[in-house]
Amino acid sequence: MLLKTFGWSFAITAAGLALAGVLWGWQGLAIVAMLCVLEISLSFDNAVINAGILRKMNPFWQKMFLTLGILIAVFGMRLVFPVVIVAITAKLGPIEAVKVAIQDHDRYEALVTSAHPAIAAFGGMFLLMIFLDFIFEDRDIKWLGWLEKPLAKLGKLETLSIVVSLVVLLIAATTFATSVPVHDGEGTIDKATTVLLAGIGGLVTYLIVGGISDFFENRLEEDEEDEDDEESEGAAAKDAAPAAAKQGNGSVVGLAGKAAFFLFLYLEVIDASFSFDGVIGAFAITNDIFVMALGLGVGAMYIRSLTVFLVRKGTLDDYVYLEHGAHYAIGALAVILLISIKHEIPEVVTGLIGVALIGLSFMSSVMRNRKEAAEGNGSGTKSEVTSGV
């Protein structure tokens with residue numbers, strides 16, 4: 001199963017490294033390999049979050065996530081998106097922006113770096129909403145009960161996550177965005193308005209895409225419950241059942257398609273938010289847009305394969321705290337993105353925080369499973385002794 005799931009990732013890695021060696025020599029090959037590792041380390045928590053959503057989809061949409069989704073991730077977010085950002089922020093035409101990205105690497109890096117406050121605010125607010133909606137929801141399984149229980153009680157206020165996000169955005173805009181260092185190191189610039197607008201854009205995007213996907217998912221569950229009720233009716237309703245079931249099934253298929261489609265969009269926006277720090281961090285290694293896209297793209301392929309692997313193995317069901325750890329990592333990344341508007345934070349710090357939180361949640365899950373197994377064996381042994389008596 002491991003080879004089946006990661007086969008394409010291994011093949012693309014070999015092809016990508018070979019291509020890098022041919023085009024840019026051993027140095028280019030090494031840079032592509034480093035970018036791949038950077039992307040995987042920064043986005044491991046992304047795979048856990050994606051798996052929690054992807055397991056709700058049927059095999060068709062899981063394949064779409066691995067095929068069309070990877071094209072969007074590689075070419076859209078790692079190649080096209082930075083050029084679009086340059087075109088918008090520098091007020092350049094599309095062709096001119098492409099020329100700058102290809103021919104003037106230093107200027108391209110400077111323009112993307114200058115757009116970082118807006119990118120960080122958008123991605124930070126989107127990720128912060130994901131974290132807050134998770135932490136404010138009352139769940140049967142709690143990892144850090146001392147923290148999650150009181151927050152779940154506060155979460156009964158439906159708009160609390162939005163209010164908290166707006167307060168955090170206001171603090172970030174008035175604290176970090178009022179004196180953002182200029183890319184050449186000379187002086188600072190006030191980008192409070194830019195950060196506010198970009199942050200509100202991230203919040204609105206989350207509410208729209210997440211809200212629509214939740215709506216269709218809830219409608220699908222309601223229709224499935226109605227269909228189950230119809231099947232349990234008495235013999236008097238059986239004659240009319242075929243036509244009703246046909247209509248009901250058609251509705252369910254349509255709603256399932258819409259629900260899966262918007263969940264797919266939601267996944268892509270999440271991936272975009274996670275890719276922001278990777279794209280910006282990649283400039284510490286190279287400013288060549290094609291080298292960057294190849295290295296980050298290969299890393300993104302592994303995250304896609306890991307997501308599908310977690311779904312097919314049922315890892316999130318076996319290790320119940322993993323999803324908690326990933327959401328805490330998302331919350332940490334959101335805060336880091338907002339702080340990075342003014343202060344530079346090494347990518348190794350971002351990656352280690354995410355890996356550490358997921359690692360701790362995994363260890364807690366293992367300990368929980370062992371404890372339940374021990375309790376189960378104990379009760380089983382006790383019952384056997386009792387029955388023997």
Side-chain angles (χ1 to χ4, degrees), residues 3 5-51 54 62-87 97-98 100-102 105 108-109 112-113 115-116 119 123 264-265 267-310 333 347 350-351 354:
L3 182 61
T5 305
F6 287 89
W8 277 105
S9 297
F10 296 150
I12 290 175
T13 299
L17 292 177
L19 180 62
V22 171
L23 296 177
W24 306 299
W26 287 105
Q27 183 179 1
L29 187 151
I31 292 175
V32 168
M34 285 189 289
L35 289 171
C36 178
V37 174
L38 172 69
E39 177 68 16
I40 294 173
S41 63
L42 290 177
S43 301
F44 187 81
D45 45 356
N46 189 11
V48 180
I49 297 300
N50 288 349
L54 194 65
Q62 292 181 7
K63 291 180 181 178
M64 288 290 289
F65 178 73
L66 269 178
T67 53
L68 178 60
I70 195 63
L71 291 176
I72 296 174
V74 175
F75 295 102
M77 294 310 306
R78 275 76 178 179
L79 187 63
V80 177
F81 176 75
V83 177
V84 172
I85 290 296
V86 167
V98 172
V100 170
I102 296 175
H105 296 164
Y108 172 73
E109 178 181 352
V112 173
T113 303
H116 176 67
I119 297 173
F264 177 78
L265 290 183
L267 276 173
E268 292 307 315
V269 178
I270 291 177
D271 180 75
S273 300
F274 272 96
S275 70
F276 292 150
D277 58 333
V279 172
I280 298 298
F283 282 108
I285 301 175
T286 181
N287 57 11
D288 189 311
I289 184 174
F290 295 111
V291 176
M292 189 183 302
L294 182 58
L296 296 179
V298 172
M301 186 65 193
Y302 276 96
I303 297 301
R304 284 297 199 279
S305 297
L306 179 59
T307 299
V308 175
F309 178 79
L310 293 175
L333 177 57
E347 286 71 32
T350 306

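For the single chain, residues carry numbers from 1 onward in sequence order.
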Quick check: closest heavy atoms across [X] and [Y], and the distance to 0.1 Å?
{"X": "Ala20", "Y": "Val32", "answer": "CB-CG2, 3.6 Å"}
{"X": "Ala51", "Y": "Leu310", "answer": "CB-CB, 3.8 Å"}
{"X": "Ala101", "Y": "Ile289", "answer": "O-CG2, 3.6 Å"}
{"X": "Leu54", "Y": "Val308", "answer": "CD2-CG2, 4.0 Å"}
{"X": "Thr307", "Y": "Ala47", "answer": "OG1-CA, 3.3 Å"}

Measuring from [X]:[atom1] to [Y]:[atom2], what's the distance to the nearest 0.5 Å?
{"X": "Arg304", "Y": "Ser9", "atom1": "CZ", "atom2": "OG", "result": "10.5 Å"}
{"X": "Ile102", "Y": "Tyr108", "atom1": "CD1", "atom2": "OH", "result": "10.0 Å"}
{"X": "Leu267", "Y": "Asn50", "atom1": "CG", "atom2": "CG", "result": "5.0 Å"}
{"X": "Leu29", "Y": "Leu23", "atom1": "CG", "atom2": "CG", "result": "11.0 Å"}
{"X": "Met292", "Y": "Glu109", "atom1": "CE", "atom2": "CD", "result": "7.5 Å"}
{"X": "Asp288", "Y": "Trp24", "atom1": "CG", "atom2": "CH2", "result": "6.0 Å"}

- With sequence neighbours left out, write down each residue that passes ring pair (Phe, Tyr, Trp, His ring centres under 6.0 Å) with Tyr302, or none if nothing qualifies. none
- Note on the structure: side-chain contact (heavy atoms from CB on, under 4.5 Å) filter on Leu265, not counting sequence neighbours, yields Val209, Phe261, Phe262
